[in-house]
Structures are given as structure tokens and as C-alpha cells.
Amino acid sequence: FKRRPSKFAQLRALLKSEPTEFLLEAHNGLSARIAEEAGFKGVWASGLAISSQFGVRDNNEASWTQIVDMLEFMSDTTTIPILLDGDTGYGNFNNLRRLVRKLEQREIAGVCIEDKVFPKTNSFIGGERQPLAEVDEFCGKIKAGKDSQSDPDFSIVARVEALIAGWGLDEALRRAEAYHRAGADAILIHSKLSQADEILAFAREWGNRAPLIIVPTKYYSTPTEVFRKAGISTVIWANHLIRAAAAAMAQVAREIHDTQTLVNIEDQVAPVSEIFRLQGAEELLAAERRYGASP
Ligand code: SPV
Ligand code: MG
């Protein structure tokens, strides 16, 4: 039988592919499996979503090993590649080197690091007040990460926060070019505007020097066709499973609390059998038939 390409190779192929590809946010083993079942070819392990499922803020309050522990569950439940939102790399170049090794051991296909300072703050919370990393320091981090990977297809994505911080298009391009030269496999350009104009201007100037990734959370009304025409490599739907879960959980919790009965919500929630299916209960039953002691 034909072996699937490694998760590292799968992510690299997505980043390099001519048609625009898509990653969906997931934040634990179950949501990662749901993303794969929906047909996605890759997962975005969002810092916002993973921190919020822990009930903490997107300010590096969860430790990097807690993130890596969660990634292990996500990797185990999926056959598609995972790109970790690695924030700033959780420290300096040395911390990133260790992170890369620990990610590869769990078959996490790549990491995205952003040019801010630890502890980071989410780009949508006072983004313009957030300091950016020094270009040279960030390039050193990228080089250190690339030099420490053992699988040639492990990807490091450099995320440019210059537009978020209000430093302008020229600075964003200057940084992207430096990160590209330092060895980044792709550039993620982020924006907090409700229109895609600055992203599209960046894409025009960038001209496909390296794969370009975007996160259209705020400019969600822009038709996907516009991104395709702009030559965007990968679009990340960055937080939609955690937001779906939060909305559904709040609604069901209120309903059960207020009515003190399950009769109204049974049809609105997944059947228990669906949870068993998502957990792979069938496989264990089959294994028991094969390996279990006879009664
Ligand atoms: C995330 O999903 O955690 C991201 C994207 O980094 S954003 O929240 O838009 O900064
Ligand atoms: Mg993040």
C-alpha cells in the first residue's frame, strides 16, 4: 500500500501549492479530528484557541510544555499536518531550538513565530501599542530554528506584525524580506483591519518571493476569490471552532440550567454515540476481538 507523505512533507506541500489552501483552527484532540473529518488538509493550532480552552489569556499564561502536551493529543487524533501558532517561540533563539525538537518528536509539521516580545499579547488587543522584536534578533531565531530541525520538511513560518503595530507597509516588507533571507519557509502577514486592502497591497509588493499566509479574522467579508487572485498560498480560519464551541456550550448550559430538564436539548447536542465514534471506540472493540482474553 502507498504510505502517506509525512506530516512535515504534507504541510510543506500545502504551503508551496499553487492553488490557495486552507487551515482550520483546532484546540484539542477532538476539535482537530473534527477539522480533519470536515475535509481540511491541515490544522492551525491557534494560541488564542488553545489558551482559551484552558480558560487563560492569550498572553503566554499557559506554559509551552502545556501547549506541547495538548499538541500531542491533537497529533495523535489526526493524519493531517498541524502548524503550531508558536507565538514568539516562548523565549529566545535557544528556547525555539528546543521547541522545534520537541515538536518534531510529536510530528507537529511546523511552527509559526511572530516578531513580538515574550510574553505576547493577542494582535487584536491594543496591537498598535505592542513592541516588535528587533529584526536581527528575530532573524537569529529563525536561523536557529531552521538549523535545529532534523526533518528537512519541518516548516518555520515567520509572522510579520508590522501592520498590526501600525509601522506601515514598507516596514512590513522590509521585515518579511529579512525573515525570508534568514530561512523562513513562508511569511504570515497579519492585519486587524476590516478590509483586506493592506494585505492585498502587501501581496502585490511581495510578489511570491515565498509562500504568503493570511488570517482574515477581521476582514472576513472579503470573498475568498480575492485571496486566490492575489496569489495567497494559505488562508487560516484561525478561531472558528473555539468560537463555535463557546457559543454552543453557553446556549446549552443556559437551557439546561433554566429548564432543569434535558428534554429540550437532546436534539441540539451530538448523540453520545457520536462522541464514542469520534474517540475511535470501534477500533478498540475490534482490537478486543483480536487481542482480548476470551471471557
Ligand atoms: C491565533 O489564532 O492565536 C492567532 C491569530 O495568532 S490572531 O488571534 O488573529 O492573532
Ligand atoms: Mg496567536
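Just follow the structure's listing: the first ligand is 1, and inside any ligand the first atom is 1. Worth knowing before you read on, the calculation uses all heavy atoms, side chains too, and leaves out hydrogens, waters and symmetry mates.
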contact_flag N239 ligand 1 heavy-atom lt 4.0 Å: no
Atom indices of ligand 1 within 4.0 angstrom of A238 heavy atoms, with elements: 2 (O)
For T234 against L23, the heavy-atom pair lying closest together: CG2-CG, 3.8 Å
Pair R101 + E104: basic N to acidic O under 4.0 Å: no
Min N/O separation F124 to ligand 1 under 3.5 Å: no
Pairs meeting criterion salt bridge (Lys or Arg N to Asp or Glu O under 4.0 Å) with involvement of residues 15-26, two or more places apart: E21-K41
Pair D147 + R97, salt bridge at N-O below 4.0 Å: no
Cut-off under 2.8 Å, centre the Mg ion (ligand 2), protein N/O/S atoms: D85 OD2
For H190, atoms of ligand 1 separated by under 4.0 Å from a heavy atom: 7 (S), 9 (O), 10 (O)
Derivation and outcome, side chain to side chain donor-acceptor pair (under 3.5 Å), residues T222 and Q195: CA-CA 7 Å; T222 305; Q195 305 293 326; 5.4 Å; no
Atom 1 (C) of ligand 1 - nearest protein heavy atom and its distance: D85 OD2, 3.2 Å
Numbered atoms and elements of ligand 1 in range of S123, under 4.0 angstrom, heavy atoms: 10 (O)
is_close_aromatic(F118, Y90), centroid dist under 6.0 Å: no
Contact atoms of ligand 1, heavy-atom distance to N122 under 4.0 Å: 7 (S), 8 (O), 10 (O)
Heavy atom of the protein closest to atom 2 (O) of ligand 1 (residue, atom name, distance): S46 OG, 2.7 Å
Salt bridge D115-R175, side-chain N to carboxylate O under 4.0 Å: yes
Heteroatom distance test (W44, ligand 1): nitrogen or oxygen, under 3.5 angstrom: yes
Distance-only polar pair, side chains of Q105 and K102, donor-acceptor under 3.5 Å: yes
Candidate with minimal heavy-atom separation from atom 10 (O) of ligand 1, of K120, E25, E114, R159: R159
Pair E177 + R181, salt bridge at N-O below 4.0 Å: yes
N/O separation below 3.5 Å, G47 to ligand 1: yes
Side-chain H-bond candidate by donor/acceptor type, S63 with T65, under 3.5 Å: yes
Polar contact flag, side-chain donor to acceptor under 3.5 angstrom, R12-S155: yes
